[in-house]
Amino acid sequence: MVKSIVAAAAVLGTVGFALPAEAVAQDGGTFAVQGATIHTVADGVIEGGTIVIRDGRIIAVGQDVDIPADAEIIDGEGKHVFPGMIDSFSSLGLTEVGAVAVTNDASELGRWNPHLNAHTAIHPASEHIPVARANGITHSLVAPGGGGRFGGGGGSGIQGQATLVHLDGWTVEEMEIEKTAAMIIGWPTLSTGFRAFAGFGRPAGGRSFQRAQERFDEEVAEMDSWFVAAEHYRQAVASGSSRVPRNIQLEHLSRVLDRGMKVIVRANGWREIESAIEFAEKWNLDLTIAGGNGAREIAGTLAEKNIPVILGPVQRLPQGEDTAYDDPNTLPGVLHEAGVEIAFATFNSSDARTLPYEAANSVSWGLSKEAALEAVTLGPARVLGVDDRLGSLEVGKVGNLIVTDGDPLEITTRIEWVFIKGVPSDLDNKHDSLWEEYRNRPARRVTTTTT
């Protein structure tokens with residue numbers, strides 16, 4: 001049946017077609033992509049290989065693979081198979097139109113929200129999810145707080161818990177991989193209040209560096225006071241005292257102590273990142289940096305301490321007036337060369353589809369092609385602690401993969417199949433439907449009046 005669908009699509013010259021509803025809704029099943037170039041990421045490239053998925057898991061990968069008799073076969077000749085890509089930090093499902101408040105649920109009131117979880121606000125019917133999925137993105141860390149600003153901005157404070165999801169499912173529960181994947185913290189900014197260079201503005205007021213330092217120290221101290229309170233709360237609860245009133249905020253925050261939950265700190269600027277590292281060591285946090293502008297200055301420290309960096313958007317202007325014009329482009333290669341684990345992210349919902357091009361852009365500026373591919377597949381899986389299940393094409397891992405006619409980092413490549421949890425996903429999306437609608441728009445009638 002699958003072979004016939006592929007053949008029909010080839011005849012019609014279409015890809016990314018809608019699968020029959022029963023195929024999309026089917027749970028499990030056996031599929032084999034035969035005779036393709038398989039990019040395992042973890043174990044090299046297999047020419048003329050076959051990959052078999054059964055009941056949601058990869059059960060075989062290689063050149064000499066026995067295909068089960070009940071498998072539905074996809075002809076992979078001339079095709080490439082890659083792991084599905086992971087957007088390491090997005091607001092998919094939380095934000096539909098950033099400028100329309102009623103469609104934006106990425107941020108909460110107040111700065112201290114360790115008890116809130118993105119899981120409760122993700123909208124599975126967001127139009128951005130099918131668009132991202134059709135471009136080969138199969139998973140995302142959906143994170144609360146800020147979003148949409150260059151470099152992964154957002155104010156300082158504890159912004160809540162992020163959820164790792166598959167980008168397919170009728171409900172959040174169907175999409176869920178890790179409900180509580182990480183605690184998101186926005187680190188204070190050591191800023192004199194001048195506008196960034198990327199804002200095309202000149203200084204509009206501001207404060208002295210001494211005052212900026214004092215304010216920064218005050219905000220870090222305020223952050224520290226929350227962790228002190230969480231530690232005291234944890235000790236009180238552990239003592240078994242019945243007189244300890246329940247505190248939801250401290251209850252959730254105490255889970256990050258002693259590496260009980262991963263902590264992702266949004267920080268830009270080497271001073272801010274150094275401060276975040278010092279704070280994490282004080283509280284023994286499992287730290288990942290998100291954003292990472294300025295990380296090149298302390299790349300050696302990040303590598304030595306094994307602290308990953310989720311990179312902010314690469315396709316942007318430099319942030320400082322004295323920053324090199326190519327700083328965003330060269331940063332991934334510099335960090336990778338220094339031995340820092342990197343992962344790309346869009347920090348957005350409408351731009352999530354552009355994830356592969358964030359990686360591709362860095363290839364022109366020093367990052368190897370292999371490293372770029374790994375930084376949107378196995379790298380993010382390692383950063384998020386799910387590399388035992390996701391990120392590469394290995395026996396036993398979840399059947400999340402894409403079948404393409406070329407390199408997915410190339411903008412001209414077409415994604416022909418997306419498998420999520422071992423089942424082909426529907427590739428219909430709003431972009432395609434709008435393209436079809438306006439492509440078929442009737443020609444404008446021009447009437448002339450003669451007298």
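We use all heavy atoms of the structure for the numbers below, so side chains are in, but hydrogens, waters and symmetry mates are not.
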The reported gap from CZ in Phe89 to CG in Leu384 (rounded to nearest 0.5 angstrom) is 10.5 Å
- Task: Go through the side-chain N and O atoms of Asp217 and Gln213 and say whether any donor and acceptor fall under 3.5 Å apart.
- Result: yes
Rounded to the nearest 0.5 Å, the CD atom of Glu394 sits from the CG atom of Asp388 at a distance of 10.5 Å
- When you look at CD of Gln210, are more than 12 heavy atoms from neighbouring residues, nucleotides or ligands closer to it than 6.0 Å? no
Note to self: One pair to check against salt bridge (Lys or Arg N to Asp or Glu O under 4.0 Å): Arg353 and Glu127. What are the steps and the verdict?
What the structure shows: CA-CA 12 Å; Arg353 65 184 178 82; Glu127 294 284 6; over 6 Å; no
Are any non-hydrogen side-chain atoms of Lys79 and Ile74 less than 4.5 angstrom apart? no
Check your understanding: Asn113 versus Pro144: any side-chain heavy-atom pair under 4.5 Å?
Key -> no
Distance col, row Leu373:CG vs Phe344:CZ, nearest 0.5 angstrom, shows 11.0 Å
Is any side-chain heavy atom of His431 closer than 4.5 Å to a side-chain heavy atom of Asn429? yes
Just checking, any donor-acceptor pair under 3.5 angstrom between side chains of Thr404 and Thr413? no
Is any side-chain heavy atom of Lys282 less than 4.5 Å from a side-chain heavy atom of Asp224? yes
- prompt: Does the side chain of Ser425 come under 3.5 Å of the side chain of Asp168 through a donor N or O and an acceptor N or O?
  reply: yes
(Q) With a 4.5 Å cut-off on side-chain heavy atoms, are Ser140 and Leu167 touching? (A) yes
Using a 4.5 Å cut-off on heavy atoms from C-beta on, say whether the side chain of Met183 contacts that of Leu285. no
With a 4.0 Å cut-off on N to O distance, would you call Arg271 and Glu274 a salt bridge?
no
Could you tell me whether Arg211 and Glu218 have a side-chain N and a carboxylate O separated by less than 4.0 Å?
yes
> With a 4.5 Å heavy-atom cut-off, do Ile184 and Arg266 have their side chains touching?
Replying inline: yes
Could you check whether Glu176 pairs with Lys179 (Lys NZ or Arg NE/NH1/NH2 to Asp/Glu carboxylate O, under 4.0 Å)? no
Please indicate whether Glu173 has more than 12 foreign heavy atoms, meaning atoms of other residues, nucleotides or ligands, lying under 6.0 Å from its CD. yes
What I want to check is whether the side chains of Gln161 and His252 have a donor and an acceptor closer together than 3.5 Å. yes
Exercise. Measure up the His139 and His166 rings against each other and bin them: parallel (under 30°), tilted (30 to 60°), perpendicular (over 60°).
Key: tilted
Exercise for the section: Taking atom types as modelled, find out whether Thr346 and Asp351 have a side-chain donor-acceptor pair closer than 3.5 angstrom. Expected result: no
Could you label the plane-to-plane angle of the Phe82 and His80 rings as parallel, tilted or perpendicular, counting under 30° as parallel and over 60° as perpendicular? parallel
The reported gap from CG in Leu331 to OG1 in Thr323 (rounded to nearest 0.5 angstrom) is 11.0 Å
For a quick check under 3.5 Å, do Thr163 and Asn117 share a side-chain donor-acceptor pair by atom type?
yes
Value for NE2 (His336) from CG (Leu367), rounded to nearest 0.5 Å, stands at 6.0 Å
Hey, are Asp286 and Lys262 close enough for a salt bridge, meaning a charged N less than 4.0 Å from a carboxylate O? yes
task = For the pair Glu374 (side chain) and Gly379 (backbone), establish whether a donor and an acceptor sit closer than 3.5 Å, ignoring hydrogens and angles.
result = no
CE (Met175) and CG (Leu92) are apart, to the nearest 0.5 Å, by 8.0 Å
Arg215 and Glu219: CA distance, side-chain angles, deciding distance, salt bridge (Lys or Arg N to Asp or Glu O under 4.0 Å) verdict | CA-CA 6 Å; Arg215 180 170 176 172; Glu219 292 192 27; 3.4 Å; yes
I'd like to check Val61 versus Lys397 (side-chain heavy atoms, cut-off strictly below 4.5 Å). Are they in contact? no
Please check if atom CD in Glu337 has more than 12 non-hydrogen atoms from other residues, nucleotides or ligands closer than 6.0 Å. no
For residues 42-53, the side-chain hydrogen bond (donor to acceptor under 3.5 Å, both in side chains) pairs (sequence neighbours left out) are Thr37-Glu47
